[in-house]
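Note that the structure is a prediction, hence the values are computed from the model and not measured.
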Amino acid sequence: MTRIKMNPIAELDGDEMTRILWQQIKDIVLKPFVELNTEYYDLGLKNRDETDDEITLEAAKAIKRLKVGVKCATITPNTARMTEYSLKRMYKSPNGTIRAYLDGTVFRTPILAPGITPVIPTWTQPITVARHAYGDVYRAVELETQGRGKAEIVFTDENGNETRKTIFDFEEAGVVQGMHNRIPSIESFARACFEYALTQKQSLWFSAKDTISKVYDEAFKRTFETIFNNEYKQKFEQENLTYFYTLIDDAVARAVRSQGGFIWAMKNYDGDVLSDMISAAFGSLALMSSVLVSPDGCFEYEAAHGTVTRHYYRHLRGEKTSTNPMATLFAWTGALRKRGELDENHALSAFSDAVESAAMDTIRDGIVTGDMALLMKEKCESVVSETFLCEIAKRIKI
Ligand code: NAP
Ligand code: MG
């Protein structure tokens, strides 16, 4: 059999158990069928330390240049990791660095596996959550005040002119919070959401609370509306898709009653809360895929979970672990499918579909990893990661 050829994508290797799965996925599932062509960047913590984290920025630049990347989970160092890896300094999260460089938005989509029913049984299609990743309460300035006094909000423009509003006249102790966002950041977020909705051929919801926040949330609502009307309305109509704004509380109620199958864009805090609710309700973090999309159309695929440290320590003790490779495998198929789409390399896109079908068939046949076995209603056999991947490879039909 001749293997499928492809143009390069950026490959970002990572840490711990997911680094082990990474190699197994390539060796067992991908390389027998595809002449993998990647620009390899080792984002393992040791190499980030050796390169003073330059490697992360280089990888981000490669994604921008090649348009498509696939990333393994990586350790975000904390004090314990500083000691464990004798690090020169406490590096920032690679995901944060890459997201900032690409000005991207993260879309998280659950993988619906046969036999695993979401907590909300009407959800027959995935709900993708898009979280705005800049500002609001995450960049807020806060004060705790004592006694009587006036809290004000003041904006001083570059000519020294002041605009002032009273927040509250305090008679007693209180708390105050000042937060901000940047219109260009909201615009990038909106464009990434509209672009992604078009590529996924799914409708887009955006929710906020403009009835209460008549300036701040209204600016989000207006930005989405303006960009939609000026740039995307026709394209959405051609594809029979809709853009729908509703209040966050109404959106929550509608989502619960829905069948899924849409993209839900949210402000930073709403996305923090609801993306975990949605992933838990769909099954497990090990079945959650994630893609970073930039407003100029670059795509970086990864699993939503971390490096699965506890399994890695078992692996180091010589145990074979039953770590779920689905989300990491789907990161690869997502990236290869996108490469195929951009280059009209139909064989490559078809291969991605075939791998995902094979994975579903494997689960349907009752062969799963330990975490999935706990979620399955039917009788099934829990196998180690390597066996699970071999079973998938056996079922690939191209
Ligand atoms: P985690 O790696 O997601 O794992 C938490 C727990 O969830 C695991 O111990 C395991 O539970 C279960 N789990 C997650 N993925 C699984 C999989 N594929 N198969 C089976 N079980 C899975 O989160 P963490 O332990 O909080 O973080 C570990 C490291 O990952 C940290 O250093 C963190 O910085 C990093 N991290 C990276 C990313 C990223 O690169 N995108 C994201 C999050 C965290 P059991 O042990 O009960 O089986
Ligand atoms: Mg959170």
Side-chain angles (χ1 to χ4, degrees), residues 12 14 43 53 56-57 59-61 63-64 69-78 91-110 127-142 177-197 199-200 204-209 213 216-217 219-224 227 245 248 251 262-279 285 288-306 327 331 334:
L12 285 59
L43 265 59
D53 210 20
T56 306
L57 199 58
K61 288 177 182 165
I63 297 169
K64 184 133 194 136
V70 58
K71 180 181 169 290
C72 179
T74 44
I75 292 170
T76 299
N78 53 18
Y91 300 98
K92 282 193 281 191
S93 138
N95 289 38
T97 304
I98 297 166
R99 192 170 60 207
Y101 182 81
L102 293 173
D103 189 18
T105 296
V106 173
F107 296 84
R108 271 177 151 205
T109 308
I127 296 173
T128 295
V129 172
R131 171 182 172 187
H132 185 215
Y134 178 81
D136 301 351
V137 71
Y138 301 87
R139 291 270 190 124
V141 178
E142 302 186 316
Q177 184 181 66
M179 54 186 200
H180 80 282
N181 220 298
R182 294 163 39 246
I183 299 295
S185 169
I186 304 170
E187 287 170 347
S188 292
F189 175 52
R191 287 202 177 87
C193 291
F194 289 123
E195 286 293 332
Y196 194 63
T199 68
Q200 296 307 104
L204 178 72
W205 297 14
F206 175 60
S207 57
K209 194 72 181 179
S213 172
Y216 199 105
D217 280 23
F220 277 81
K221 180 186 176 187
R222 185 188 64 229
T223 304
F224 266 77
I227 291 180
Y245 171 81
I248 178 76
F262 57 92
I263 296 166
W264 185 1
M266 294 179 219
K267 291 177 60 199
N268 211 347
Y269 176 80
D270 299 339
D272 188 353
V273 176
L274 287 170
S275 65
D276 283 3
M277 192 278 277
I278 288 191
S279 59
L285 201 57
M288 184 61 81
S289 66
S290 169
V291 56
L292 176 77
V293 182
S294 73
D296 60 346
C298 300
F299 295 79
E300 182 214 43
Y301 294 82
E302 68 167 332
H305 61 75

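Note on ring orientation: taking the six-membered ring where Trp is involved, the planes of Phe262 and Trp264 are tilted (angle from 30° to 60°).
To the nearest 0.5 Å, the span separating OG1 on Thr128 from CE on Met288 amounts to 8.5 Å. The line from NZ of Lys267 to CG of Leu274 is 12.5 Å long, rounded to the nearest 0.5 Å. Atoms CZ and NE2, on Arg139 and His180 in that order, are 6.0 Å from each other to the nearest 0.5 Å. The CD1 atom of Ile98 lies 12.0 Å from the NZ atom of Lys92; values are rounded to the nearest 0.5 Å. One distance of note links CD1 of Ile183 with CZ of Phe220; it measures 8.0 Å at 0.5 Å rounding. To the nearest 0.5 Å, atoms OG (Ser290) and OH (Tyr301) are separated by 11.0 Å.
Between Lys209 and Asp270 there is no salt bridge, since no side-chain N of the basic residue sits under 4.0 Å from a carboxylate O of the acidic one.
Between Arg182 and Tyr134, the closest heavy-atom pair is CD-OH, 3.5 Å. In this structure, Ile263 and Ala197 approach most closely via the heavy-atom pair CD1-CA, 3.5 Å. The shortest heavy-atom contact between Pro94 and Thr76 is CD-OG1, 4.2 Å. Across all their heavy atoms, Ser279 and Asp276 have their closest contact at OG-O, 3.3 Å. Residues Met179 and Val137 come closest through the heavy atom pair SD-N, 3.5 Å. Residues His305 and Ala73 share a closest heavy-atom pair of O-CB, 3.7 Å.
Residues Leu12 and Ile63 meet the side-chain proximity criterion, which asks for heavy atoms closer than 4.5 Å.
Here the side chain of Thr109 pairs no donor or acceptor atom with the backbone of Ser289 at under 3.5 angstrom.
Side-chain contact of Ser294 with Asp296: a donor-acceptor pair under 3.5 Å is present, judged by distance alone.
Applying the side chain to side chain contact (heavy atoms under 4.5 Å, CB included) criterion to Lys61, with sequence neighbours excluded, gives Leu57, Tyr101. Applying the side chain to side chain contact (heavy atoms under 4.5 Å, CB included) criterion to Asn268, with sequence neighbours excluded, gives Arg131, Asp136, Tyr138. Residues satisfying the side-chain hydrogen bond (donor to acceptor under 3.5 Å, both in side chains) test with Asp103, not counting sequence neighbours, are Ser188.
Residues His132 and Tyr269 place their aromatic rings such that the two centres sit no closer than 6.0 Å.
Just one of Phe107, Phe224, Tyr196 meets the ring pair (Phe, Tyr, Trp, His ring centres under 6.0 Å) condition when paired with Phe189; it is Phe224.
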Derivation and outcome, side chain to side chain contact (heavy atoms under 4.5 Å, CB included), residues Lys71 and Asn95: CA-CA 9 Å; Lys71 180 181 169 290; Asn95 289 38; 2.8 Å; yes

